[in-house]
Asker: 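Please see the structure below; I have some questions.
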Amino acid sequence: MTRKPAQAVAPSPSERRERPRINVVGTGYLGATHAAAMAEMGFEVIGVDSDPRKVDALSRGIVPFFEPGLPELIRKHVNSGRLSFTTDLAEATALSDVHFICVGTPQQSTSFAANLSFVEEATVQVARSLSHDGLIVGKSTVPVGTGARLRELIANEIPDEIRVELVWNPEFLREGKAVHDTLFPDRIVLGGTTPASEAMLRTVYSVPIEAGTPVLCCDLPTAELVKVSANAFLATKISFINAIAEVCEAAGADVSLLADALGYDARIGRQFLNAGLGFGGGCLPKDIRALMHRASELGAYSAANLLQQVDEINMAQRQRVIDQAIDICGGSVLNRRIAVLGAAFKPHTDDVRDSPALNVAAALHLRGAQVTVYDPQAAETARRDFPTLGYVDSIEEAAVAADAVLVLTEWDSFRDYDPTRLEGVVRSRRIIDARNCLDEAAWRAAGWHYRALGRTPQVAAIAGVPERYAAIAGDFALV
Ligand code: UGA
């Protein structure tokens, strides 16, 4: 085994305990943000990635994806000298005391299970490169049981004279709000710690802990499960409201008002009750599938069945929007021009992994529509995955001669858009608000036929409905 030399003047064990140096393996959304946040909290941090282009960009303060506030924070600490990036995992490990594993756990190509090869490789490499006592901290989202397996994997890799612990500390950051969520976490979960490793992590997280962030110490499997259960719950909440949206449509109710009313109940809460096109991205879909898979392996069939339903409801939302688009185009989209507003899986990101918006756009394209996409941030990433769709730089360009406009990601610039600006631009004023984010009255007042998920024209047939709904029903008669 080759070893890089440690620093010329190695810190004493007590210095290491008081001001541990941080190694962050993997510099995607999770790792790059975590590394920058650790530097902001006062630590010396090395970020490691196997991709030299990424390391080169980050070292120059350039973030290869869109995450608000992150480039500024990275530049600040690259310049302050507290944050550096390297491809040399062995050297970064030899220089550091706490080693965060932040690599991806994508869905396997042949099953719903998580691909753990990156986590295993990173952890084993860190273990092999240790030059002094340390702490390996898993942050990646993993199936329950992974930590225990990793402990076994590295047991024979660690030199006899070195003491190392492996614990789990899941991350709950949201893309688009990653910097805030990392600097101000709403909880810190520490799984499988001893008093020594707990003390070390309390030092690492002293800034948020002093600011009042609760710390929960638990066993390794509980910590692993907290993370996937949180994502599974959020996914379930979204699929719940989307299932209720279907009832609303059939019964003449309005799902947005219903969600507002539910949300006032503090036990329920309004967040993650936005009905529409459903969830996508690099986390919720693959995490519920990995949990489904793991729950089945463990014989926990109720959880597996529940999550199967959540997934099915979610995927059906995409089909519902495709069907609505075909419907408003008169039964076929062949040769129809469709303006798609939104490509990212949600606003404030350029991430298009499992994006519901692009899924719908691509399906309509395959049915013969001419699809033109506008997204304020995600055009480049979308083009890489779906090069056959058209991409433009503004809402107006997307809407030229459109037979239908589809709002598939709820960017603020779509939400706030004045529909009168499209007067004379589109061929037909028909819009599908697949995220329930537009000012319906404003679009109707501008002469648009407006459709959304979870609302229905029959509502006007119900006695005593407010005028607003009667207007909706009138317009639907024309569509
Ligand atoms: C999610 C979790 O929210 C984070 O806590 C977690 O740390 C992260 O996964 C992860 O595992 O790393 P993220 O993938 O960034 O974060 O996205 P969310 O904000 O959760 O949104 C997921 C999807 O749900 C989006 O497509 C969004 O449009 C959709 N959504 C969200 C709805 O359809 N309705 C809602 O009411 C809310």
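For ligands, and for the atoms within them, numbers begin at 1 and follow the listed sequence.
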Asker: Between Q107 and A114 (side chain of the first, backbone of the second, donor and acceptor by atom type, cut-off under 3.5 Å), is there such a pair?
Answerer: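 Checked: no pair found.
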Asker: Can you pull out the closest protein heavy atom to atom 7 (O) of ligand 1? Residue, atom name and distance to 0.1 Å, please.
Answerer: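 The protein heavy atom lying closest is L173 O, 2.6 Å.
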Asker: Run down the list F272, Y29, F233, F279 and name the one with the heavy atom closest to atom 20 (O) of ligand 1.
Answerer: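 Result: the heavy atom closest to atom 20 (O) of ligand 1 is in F272.
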Asker: How about CZ on R149, more than 12 heavy atoms from neighbouring residues, nucleotides or ligands closer than 6.0 Å, or not?
Answerer: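 No - once you tally the heavy atoms of other residues, nucleotides and ligands closer than 6.0 Å, there are 12 at most.
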Asker: Quick check on C283 - does any of its heavy atoms sit under 4.0 Å from an atom of ligand 1?
Answerer: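 Yes, that is the case, since the closest heavy atom of the residue is under 4.0 Å from the ligand.
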Asker: Have a look at R174, E410, K346 and point out the one with the heavy atom closest to atom 17 (O) of ligand 1.
Answerer: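 That would be K346.
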Asker: Are any of the N/O atoms in Q271 less than 3.5 Å from those in ligand 1?
Answerer: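 Min N/O separation from ligand 1 is not below 3.5 Å for Q271.
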Asker: A quick test of your reading: do over 12 heavy atoms of other residues, nucleotides or ligands sit less than 6.0 Å from NZ of K237?
Answerer: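 Yes.
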Asker: Under 3.5 Å, N or O to N or O, is F172 touching ligand 1 that way?
Answerer: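 There is such a contact, yes.
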Asker: With a 4.0 Å cut-off on heavy atoms, is G278 touching ligand 1?
Answerer: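 Yes, G278 has heavy atoms under 4.0 Å from ligand 1.
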Asker: Can you spot which of L153, L166, V25, T146 makes a side-chain contact (heavy atoms from CB on, under 4.5 Å) with T123?
Answerer: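 The passing option is L166.
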Asker: Of the side chain and backbone of D287, name the one, both, or neither that has a heavy atom under 4.0 Å from an atom of ligand 1.
Answerer: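 It is the side chain that touches ligand 1; the backbone stays farther off.
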Asker: Could you tell me whether the side chain of D49 and the main chain of T27 form a donor-acceptor pair under 3.5 Å?
Answerer: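 Answer holds: yes.
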Asker: Which residue owns the protein heavy atom closest to atom 30 (N) of ligand 1, what's the atom, and how far is it?
Answerer: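 Minimum-distance protein heavy atom for atom 30 (N) of ligand 1 reads I238 CD1, 3.4 Å.
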Asker: Salt bridge between R294 and E297, side-chain N to carboxylate O under 4.0 Å?
Answerer: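 Yes, R294 and E297 are salt-bridged.
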Asker: Using a 4.0 Å cutoff against the non-hydrogen atoms of R435, which atoms of ligand 1 qualify?
Answerer: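 The atoms of ligand 1 under 4.0 Å from a heavy atom of R435 are 28 (O), 33 (O).
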Asker: Between E396 and Y417, is any side-chain donor less than 3.5 angstrom from a side-chain acceptor?
Answerer: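 The answer is yes; a qualifying pair exists.
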Asker: Tell me, which protein residue and heavy-atom name are nearest atom 15 (O) of ligand 1, and how many Å apart are they?
Answerer: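 Going atom by atom, the protein heavy atom closest to atom 15 (O) of ligand 1 ends up being E175 N, 2.7 Å.
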Asker: Using modelled atom types only, decide if a donor and an acceptor are shared between the side chain of D350 and the backbone of F66 within a distance under 3.5 Å.
Answerer: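 Yes; at least one donor-acceptor contact below 3.5 Å.
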Asker: Which protein non-hydrogen atom lies closest to atom 1 (C) of ligand 1, naming both residue and atom, and how far is it?
Answerer: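 Of every protein heavy atom, L284 CD1, 3.6 Å lies nearest to atom 1 (C) of ligand 1.
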Asker: Numbering the atoms of ligand 1 from 1, which are under 4.0 Å from a heavy atom of E171?
Answerer: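 The list of qualifying atoms is 7 (O).
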Asker: Quick one: are the ring centres of H348 and W411 less than 6.0 Å apart?
Answerer: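 Yes - the distance between ring centres of H348 and W411 falls below the 6.0 Å cut-off.
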Asker: Has E249 got a side-chain atom pairing as donor or acceptor with G454's backbone, closer than 3.5 angstrom?
Answerer: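 Side chain of E249 to backbone of G454, a donor-acceptor pair under 3.5 Å: yes, one is there.
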Asker: Can you tell which of L30, N274, T141 gets a heavy atom nearest to atom 36 (O) of ligand 1?
Answerer: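 Nearest option to atom 36 (O) of ligand 1, by heavy atoms: N274.
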Asker: Tell me, which protein residue and heavy-atom name are nearest atom 26 (O) of ligand 1, and how many Å apart are they?
Answerer: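 Minimum-distance protein heavy atom for atom 26 (O) of ligand 1 reads F345 O, 2.8 Å.
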Asker: Could you tell me whether some N/O pair between L234 and ligand 1 is separated by less than 3.5 angstrom?
Answerer: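 By distance alone, the answer is no.
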Asker: For the 3.5 Å polar cut-off, considering only N or O atoms, please tell me whether G280 and ligand 1 meet it.
Answerer: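 There is such a contact, yes.
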Asker: Taking both backbone and side-chain atoms of N231, is any N or O found less than 3.5 Å from an N or O belonging to ligand 1?
Answerer: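 Between N231 and ligand 1, an N or O pair is found under 3.5 Å apart.
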Asker: Say you draw a straight line from CZ of F386 to CG of N359; how long is it, rounded to the nearest 0.5 Å?
Answerer: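 Interatomic distance, F386 CZ to N359 CG, rounded to 0.5 Å: 6.5 Å.
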Asker: Which atoms of ligand 1 sit under 4.0 Å from any heavy atom of L273?
Answerer: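 Within the 4.0 Å cut-off of L273, ligand 1 contributes 36 (O).
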Asker: For ligand 1, find out whether one of its N or O atoms is nearer than 3.5 Å to an N or O atom of P356.
Answerer: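 In fact, backbone or side chain, P356 has no N or O that close.
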Asker: Test V360 against every option in R320, R318, H365 by the side-chain contact (heavy atoms from CB on, under 4.5 Å) rule and name the one that passes.
Answerer: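 Only match with V360 under side-chain contact (heavy atoms from CB on, under 4.5 Å): R318.
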